[in-house]
Amino acid sequence: MDKIFKALADSNRRKLLDQLFEKNGQTLNELCGHLDMTRQSVTKHLTILEEANLIIVEWQGRSKLHYLNTAPIGEIYGRWVKKFEHHRIVALKELKNSLKEENRE
C-alpha cells in the first residue's frame, strides 16, 4: 500500500491516472500530449504507477497501451475512506432526525 500512496502523492501521476480514466488504453504518445514534460519524465511516472499496480500495460503489436487498474484505489477506499464516511453519514442522519423532532414541537 505504501507504493500506492507514493504514486498518488505526485500531481503529474494523478493527471496520468485522470487521463486514463477519461480514455483507457492510451499509448505513451497520447499520454505525453496532455502533459508539459519530456517523454522520459512521463515514462518514469508510468513506471512508478505500474509498480504500484495502478496501471496495467498491454502490448498490441508494436503499440504499448496503458490501462487504469482501479482495484488498488478500491482497496484504499475500503480500508481508509469508507470507515470515516460511515461516521459522517450517521451524524447527518442524527442531525436530520433531530431537526424533524424540533419542527414537530
Side-chain angles (χ1 to χ4, degrees):
M1 208 163 265
D2 288 341
K3 286 184 178 185
I4 297 168
F5 281 111
K6 179 185 175 189
L8 292 173
D10 184 86
S11 64
N12 289 312
R13 290 192 283 271
R14 291 192 305 268
K15 286 178 188 175
L16 286 167
L17 293 175
D18 287 340
Q19 287 177 249
L20 291 173
F21 180 79
E22 292 290 322
K23 180 185 175 234
N24 221 359
Q26 294 187 56
T27 64
L28 176 60
N29 283 337
E30 291 173 306
L31 292 168
C32 286
H34 300 285
L35 295 171
D36 187 28
M37 63 176 65
T38 65
R39 285 174 54 93
Q40 282 181 311
S41 295
V42 174
T43 300
K44 287 180 183 180
H45 286 298
L46 289 171
T47 300
I48 292 169
L49 291 170
E50 189 176 357
E51 288 172 356
N53 200 28
L54 290 168
I55 63 168
I56 297 169
V57 174
E58 182 181 297
W59 286 93
Q60 289 186 356
R62 296 177 71 183
S63 298
K64 183 178 180 181
L65 301 178
H66 302 84
Y67 292 91
L68 179 63
N69 180 18
T70 58
I73 295 171
E75 291 173 18
I76 288 173
Y77 174 80
R79 182 170 178 193
W80 296 102
V81 178
K82 188 177 178 181
K83 63 184 172 186
F84 297 108
E85 186 177 83
H86 175 72
H87 296 292
R88 227 184 352 232
I89 292 170
V90 169
L92 287 172
K93 273 185 168 179
E94 289 173 359
L95 177 63
K96 179 182 172 185
N97 292 336
S98 172
L99 291 172
K100 279 183 181 179
E101 288 178 24
E102 284 181 16
N103 286 333
R104 288 183 196 163
E105 296 173 358

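Values below: every heavy atom of this structure, side chains too, minus hydrogens, waters and symmetry copies.
Applying the side-chain hydrogen bond (donor to acceptor under 3.5 Å, both in side chains) test to pairs two or more places apart or on separate chains, those with a residue in residues 63-76 are Asn53-Asn69. The salt bridge (Lys or Arg N to Asp or Glu O under 4.0 Å) contacts involving residues 26-41 comprise Lys23-Glu30, where partners must be two or more places apart or lie in separate chains. Counting only residues at least two apart or on different chains, no salt bridge (Lys or Arg N to Asp or Glu O under 4.0 Å) pair has a member in residues 45-62.
Partners of Thr47 by side-chain hydrogen bond (donor to acceptor under 3.5 Å, both in side chains), not counting sequence neighbours: none found. A search for side chain to side chain contact (heavy atoms under 4.5 Å, CB included) contacts involving Ile73 returns Leu54, not counting sequence neighbours. Residues passing the side chain to side chain contact (heavy atoms under 4.5 Å, CB included) test with Leu99, sequence neighbours excluded: Leu95, Glu102. Partners of Asp18 according to the side chain to side chain contact (heavy atoms under 4.5 Å, CB included) rule, which considers only residues two or more places apart in sequence or in another chain, do not exist here. Among residues two or more places apart in sequence or in another chain, the side chain to side chain contact (heavy atoms under 4.5 Å, CB included) test is passed with Arg14 by Ser11.
With contacts defined as side-chain heavy-atom distances shorter than 4.5 Å, the pair Ile55/Leu17 qualifies. Residues His34 and Gln26 meet the side-chain proximity criterion, which asks for heavy atoms closer than 4.5 Å. Side-chain contact between Asn24 and Leu65 is absent, with no heavy-atom pair separated by less than 4.5 Å.
The neighbour count for Asn97 CG, taken as heavy atoms of other residues, nucleotides or ligands under 6.0 Å away, is above 12.
Atoms CE and CG, from Met37 and Leu35 in turn, are 5.0 Å apart once rounded to the nearest 0.5 Å. Taking NZ from Lys15 and NE2 from His45, the interatomic distance works out to 9.5 Å, rounded to the nearest 0.5 Å.
Under the 4.5 Å side-chain contact rule for hydrophobic residues, Phe21 and Leu16 share a cluster.
Here the shortest heavy-atom pairing between Leu31 and Gln19 reads O-NE2, 3.4 Å. Across every non-hydrogen atom of Pro72 and Ala52, the tightest pair is CG-O, 4.2 Å.
When hydrophobic side chains of Ile, Leu, Val, Met, Phe, Trp and Tyr are connected at separations under 4.5 Å, Ile48 ends up as a singleton with no cluster partners.
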